[in-house]
Amino acid sequence: MRIENSFIPVTGVGERTERSLWEAGVTRWESFAPSAVGAKQAENIESFIAEASERLDDGDARFFRERFPSGSHWRCYENFREETCFLDIETTGLDQRRHDVTVVGTHSPGDTEVFVAGRDLTAERLQRRLDDAKLLVTFNGKRFDVPFLESAFDVDVDVPHVDLMYPCRRLGLTGGLKAIERETGIERDRQDLSGEDAVRLWREYERGDEGALETLVSYNRDDTENLRLLADHVTDLLDSDVFVSPE
DNA sequence: CTAATCACAGAAAGCTGACG
DNA sequence: CGTCAGCTTTCTGTGATTAG
């Protein structure tokens, strides 16, 4: 489903009203007719459509961040799929105050970039990379990756952010990213790495083991790329779950 | 027109779960 | 190991809509 199928960004329209619109055959903005609802709502919907169409034509993803409730940001995925940044970080531990960011992996279709602390990881590069994206996708990133980066580098995320953990939970998929990958048949051609392994590899690298860094970076690269497979899968499932179209 | 109904929004409270 | 956003549920207030 696409942004143009959505009416919940309109103030005064919730999932219930949206669903009844869909069931009445109004499945996209362009098929909306004022007679479908009362006068006041029609006015709200029409002015939303007018503004949102323009923003969408301009590819302005940021506009939709505020308009969509945060649990519905996944609806922006199809529209901005090709300009999505999949993000996964590695750190020396769970506590933002005591631990450090070691590796930041970013993937967008056809372009994976991994930044390493002490080498090419800087606030400027990171911010630039984030600014290039129209949509951010993470797993548990609302609680972990993004706040960690914001406090460590003072970067700012202002695009819609899909944290796949919540959509997964809604679909009955829990147990962490690795477990969900196994459950949904997302392949890894080698054994996966635990969080503690990531910490250990970084320590080994600090003691001079270049190979350990290479391993860490290549796993992180896989993680960000797998995030894309999961996002494709999850948005597909949610789509058939949420979007109803009259036969 | 009024009255009854409906749906959204916001507040409060409790809780789950995942990250390295 | 430390952490708490966001989900869910419940309740209430407020408009909007619709039936009469």
Side-chain angles (χ1 to χ4, degrees), chain A residues 6-24 34-46 48 65-74 86-105 114 116-117 121 136-152 157 160-183 192-206 212-213 215-217 219-220 222-224 226-227 230 234 238 242:
Chain A
S6 297
F7 293 92
I8 50 171
V10 181
T11 41
V13 175
E15 284 179 12
R16 216 164 179 139
T17 306
E18 180 183 69
R19 200 183 169 85
S20 70
L21 282 170
W22 288 343
E23 279 163 356
S35 57
V37 293
K40 183 69 185 168
Q41 276 199 323
E43 195 186 307
N44 288 341
I45 292 172
E46 288 200 299
F48 167 77
R65 186 176 80 117
E66 305 282 319
R67 296 308 184 110
F68 277 96
S70 91
S72 300
H73 281 191
W74 62 270
F86 300 86
L87 177 82
D88 181 50
I89 70 172
E90 312 298 334
T91 71
T92 55
L94 296 174
D95 188 347
Q96 288 174 40
R97 288 191 309 256
R98 297 170 44 225
H99 299 119
D100 301 311
V101 178
T102 58
V103 171
V104 179
V114 180
V116 176
L121 176 59
L136 186 69
V137 172
T138 60
F139 192 91
N140 198 34
K142 287 197 163 152
R143 297 284 334 281
F144 187 74
D145 304 66
V146 168
F148 220 120
L149 290 180
E150 282 174 342
S151 84
V157 173
H161 177 182
V162 183
D163 185 336
L164 292 173
M165 183 173 82
Y166 301 105
C168 281
R169 211 192 276 184
R170 183 167 166 185
L171 294 165
L173 297 166
T174 58
L177 183 57
K178 302 284 149 62
I180 291 171
E181 282 180 9
R182 282 192 293 272
E183 209 170 325
D192 52 21
L193 215 58
S194 75
E196 280 120 354
D197 291 331
V199 178
R200 181 181 49 79
L201 285 168
W202 181 258
R203 298 297 179 211
E204 287 169 12
Y205 158 68
E206 283 185 317
L213 178 65
T215 305
L216 180 59
V217 165
Y219 271 97
N220 173 269
D222 287 353
D223 284 343
T224 59
N226 278 348
L227 232 30
L230 185 61
V234 161
L238 278 178
V242 171

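Below, chains carry the letters A, B, ... as their sequence lines are ordered, and counting in each starts from 1.
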**Student:** Nearest whole Å is fine: how far is B/dC19 C1' from A/L87 CG?
**Tutor:**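 These atoms are roughly 12 Å apart.
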**Student:** Expressed in angstrom and rounded to an integer, what is the separation of A/F144 atom CZ from C/dC1 atom C1'?
**Tutor:**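 Interatomic distance, CZ of A/F144 to C1' of C/dC1: 13 Å.
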**Student:** Nearest to the A/K40 side chain among C/dA16, B/dG20, B/dC8, which nucleotide is it?
**Tutor:**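 The listed nucleotide nearest to A/K40's side chain is C/dA16.
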**Student:** Is A/R143 near enough to C/dT3 that one of its side-chain N or O atoms lies under 4.0 angstrom from OP1 or OP2?
**Tutor:** no
**Student:** Take the protein atom OH of A/Y166 and the nucleotide atom P of C/dT8, then report the distance between them rounded to whole Å.
**Tutor:** 11 Å
**Student:** Identify whether any heavy atom of A/T102 sits under 4.0 Å from a base atom; if not, whether one sits that close to sugar-phosphate; answer base, sugar-phosphate or nothing.
**Tutor:**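 The residue A/T102 makes no contact with any strand.
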**Student:** Between A/E181 and A/K178, does the salt bridge (charged side-chain N to carboxylate O under 4.0 Å, His left out) criterion hold? Intermediate values first, please.
**Tutor:** CA-CA 5 Å; A/E181 282 180 9; A/K178 302 284 149 62; over 6 Å; no
**Student:** Hey, are the side chains of A/Y166 and A/W74 touching, using non-hydrogen atoms and a 4.5 Å cut-off?
**Tutor:**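 Side-chain contact under 4.5 Å: no.
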**Student:** Rounded to whole angstrom units, what separation is found between the CG atom of A/D100 and the P atom of B/dC19?
**Tutor:** 20 Å
**Student:** Between C/dA5 atom P and A/M165 atom CE, what is the distance in whole Å?
**Tutor:**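 A/M165 atom CE is separated from C/dA5 atom P by 12 Å.
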**Student:** Please work out if A/F148 contacts a base, only the sugar-phosphate, or nothing of the nucleic acid, heavy-atom cut-off 4.0 Å.
**Tutor:** nothing
**Student:** In whole angstroms, how far is the P atom of B/dC19 from the CG atom of A/N226?
**Tutor:**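 After rounding, the reported distance stands at 13 Å.
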**Student:** Give me each pair satisfying salt bridge (Lys or Arg N to Asp or Glu O under 4.0 Å) with a member in residues 162-172 of chain A, each pair once, sequence neighbours excluded.
**Tutor:** none
**Student:** Any non-hydrogen side-chain atom of A/E206 less than 4.5 Å from a side-chain atom of A/R203?
**Tutor:**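 Yes, their side chains come closer than 4.5 Å.
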**Student:** Looking only at side-chain N and O atoms, does A/T11 come under 4.0 Å of OP1 or OP2 in B/dA9?
**Tutor:** no
**Student:** Map A/T92 and A/R169 onto DNA chain B by nearest heavy atom, then report which one ends up closer to the 5' terminus.
**Tutor:** A/R169
**Student:** Would you say the side chain of A/F139 lies within less than 4.5 Å of the side chain of A/N226, judging by non-hydrogen atoms?
**Tutor:**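 With C-beta onward as the side chain, the pair stays apart.
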**Student:** In whole Å, I'd like the distance from the CG atom of A/L164 to the P atom of B/dA18.
**Tutor:**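 In whole Å, B/dA18 P lies 13 Å from A/L164 CG.
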**Student:** Within this structure, what is the NE2-to-C1' distance between A/H161 and B/dC19, rounded to whole angstrom?
**Tutor:** 12 Å
**Student:** Could you check whether any side-chain heavy atom of A/Y219 comes within less than 4.5 Å of a side-chain heavy atom of A/T215, counting everything from C-beta outward?
**Tutor:**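 A side-chain contact under 4.5 Å exists here.
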**Student:** Where each residue is assigned the nucleotide of DNA chain C containing its nearest heavy atom, which of A/Q41 and A/K142 is assigned the position nearer the 5′ end?
**Tutor:** A/K142
**Student:** Please tell me which of the listed nucleotides, C/dG2, B/dG20, B/dA7, lies nearest to the side chain of A/D88?
**Tutor:**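 Between C/dG2, B/dG20, B/dA7, the one nearest the side chain of A/D88 would be B/dG20.
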**Student:** Heavy atoms, side chains only, cut-off 4.5 Å: are A/L87 and A/L136 in contact?
**Tutor:** yes
**Student:** Is the phosphate of C/dT3 approached by A/R97 (side-chain N or O, under 4.0 Å from OP1 or OP2)?
**Tutor:** yes
**Student:** Mind checking A/G175 for me? I need base, sugar-phosphate or nothing, with any heavy atom below 4.0 Å counting as a touch.
**Tutor:**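 Sugar-phosphate contact only - A/G175 comes under 4.0 Å of backbone atoms but never of a base.
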**Student:** Compute the bend angle of the helix from B/dC1-C/dG20 to B/dG20-C/dC1 from the end axes (five pairs per end), rounded to 10°.
**Tutor:**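 The angle, to the nearest 10 degrees, is 30°.
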**Student:** Would you check if A/L201 and A/L193 make a side-chain contact, meaning some heavy-atom pair closer than 4.5 Å?
**Tutor:** yes
